[in-house]
Amino acid sequence: MLNKKSIDDINVKGKRVLVRCDFNVPLQEGKITDENRLVAALPTIKKLVADGGKIILCSHLGKPKGEPKPELSLAPVAVRLSELLGQEVKFAADPEVVGPNAKAAVEAMKDGDIVLLENTRYRAEETKNGEEFSKELASLCDVFVNDAFGTAHRAHCSNVGVTKFVDTAVVGYLMQKEIDFLGNAVNNPERPFVAILGGAKVSSKISVIENLLDKVDTLIIGGGMSYTFSKARGGHIGKSLCEDDYQEYALNMLKKAEEKGVKLLLPVDNRIGDDFSNDANIQVVKSGNIPDEWEGLDIGPETEKLFADAVKDAKTVVWNGPMGCFEMPNFAHGTETVAKALAETDAITIIGGGDSAAAVNILGYGDKMTHISTGGGASLEFLEGKELPGVAAANDK
Ligand code: AMP
């Protein structure tokens, strides 16, 4: 059980609080095109302001590769955050992040004021977890709060290094929610516990499959990765995606599931195309019966029913990876059906970041899910059962 101190467990009145946020927003010609991450950060910021802290925000944005790049400045974020919060967020425009502007701005702060530092990745040490920059960040604050889950699987100065030089390091509300669901609900689930895995490759999900096989009652495998399983069982998969090197692994997983009493569900039919294109001719065939010049691009209707039925009586469901090439509308049906089934079940529903999170949101089911993770890589590593450096660095309760 991960039991980390959060902003609800400390008193920040009059203290300088450095908050690592995830303000890695898409920008087009200096304009923020999707402000979800800013909106998501507001509850933590508002709570710290209400408690009378002096709030110093920091984040990375894009990949400036260790040097100032004006197009990746956080200046537009300060402007938009000021509007969203209805109070000034003072931007400290130092190319070295912790420079004269930041120091003077922090020095002048009153309780409840907010300052935003420049893009932490303007400093080359940031992604190397260098000591000097970590110390500089720590020198600005009395308390550190990590609310950036997207980088929690990396050890950088602004989420891990800094914690070595401050006494109090806690998590914000966004991090707490990720820990509660991806960490604790997955490790200590209400049963029946069903995991649905999809996406392109078996090879990128091996550790997830292995970790979840020890925990779930039912494991559902769809998407591109299911064809390697189908071929390993002697099926005909035509031109479908397949990792021949992983066939033996697939058979081992099937055996392991049987030994553990885990129900492992694979597609029983597929929507196939005669080309990797939305305009391909389409037919539905039984899995393992795909003609030579055709490829499986989605699960079929019988499989949709099988998978949807499997989550109906579940108490906890975790989903990572699409059921087919959902970017092509003609092959998005399987992914949509799974999203709908999750929206309709009474179970705790946890969506691992990336494509499945995007699919759920685009389809308008976002508010029907218990938790949609904000981190792609970080959520996958959580599901692999790994310790995330950004989580580990926070003080235990
Ligand atoms: P991942 O990043 O591993 O979760 O994979 C996501 C990608 O897998 C998406 O871009 C899907 O288009 C792709 N994908 C899912 N099913 C298939 C399939 N049957 N054939 C080829 N690609 C697929």
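Note that ligands are numbered from 1 as they come in the structure, with each ligand's atoms numbered from 1 the same way. Each residue takes its place number in the sequence, starting with 1.
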Using distance alone, with no hydrogens and no angle criterion, decide if Lys215 and Asn211 have a side-chain donor and acceptor under 3.5 Å apart.
yes

Check: Asp180/Gln176 side-chain N/O donor and acceptor closer than 3.5 Å
yes

Just grab all the ring pair (Phe, Tyr, Trp, His ring centres under 6.0 Å) pairs involving residues 299-329, residues at least two apart or on different chains.
none

Without placing hydrogens or testing angles, list every side-chain donor-acceptor pair under 3.5 Å for residues 385-394, not counting sequence neighbours.
| unit_1 | atom_1 | unit_2 | atom_2 | d |
| --- | --- | --- | --- | --- |
| Lys386 | NZ | Glu384 | OE1 | 3.0 |

Residues in contact with ligand 1, criterion: heavy atom under 4.0 Å
Gly199, Ala200, Lys205, Gly223, Gly224, Tyr227, Leu241, Phe276, Gly296, Leu297, Pro322, Gly324, Cys325, Glu327, Asp355

Can you give each donor-acceptor pair under 3.5 Å made by side-chain atoms of residues 216-229, sequence neighbours left out, with the distance rounded to 0.1 Å?
| unit_1 | atom_1 | unit_2 | atom_2 | d |
| --- | --- | --- | --- | --- |
| Asp217 | OD1 | Arg191 | NH1 | 3.4 |
| Asp217 | OD2 | Arg191 | NH1 | 3.1 |
| Asp217 | OD2 | Phe193 | N | 2.7 |
| Ser226 | OG | Gly223 | O | 2.8 |
| Tyr227 | OH | Asn270 | ND2 | 3.0 |
| Tyr227 | OH | Gly296 | O | 3.4 |
| Thr228 | OG1 | Glu243 | N | 3.0 |

Close side-chain approach of Lys15 and Ile10, heavy atoms under 4.5 Å
no

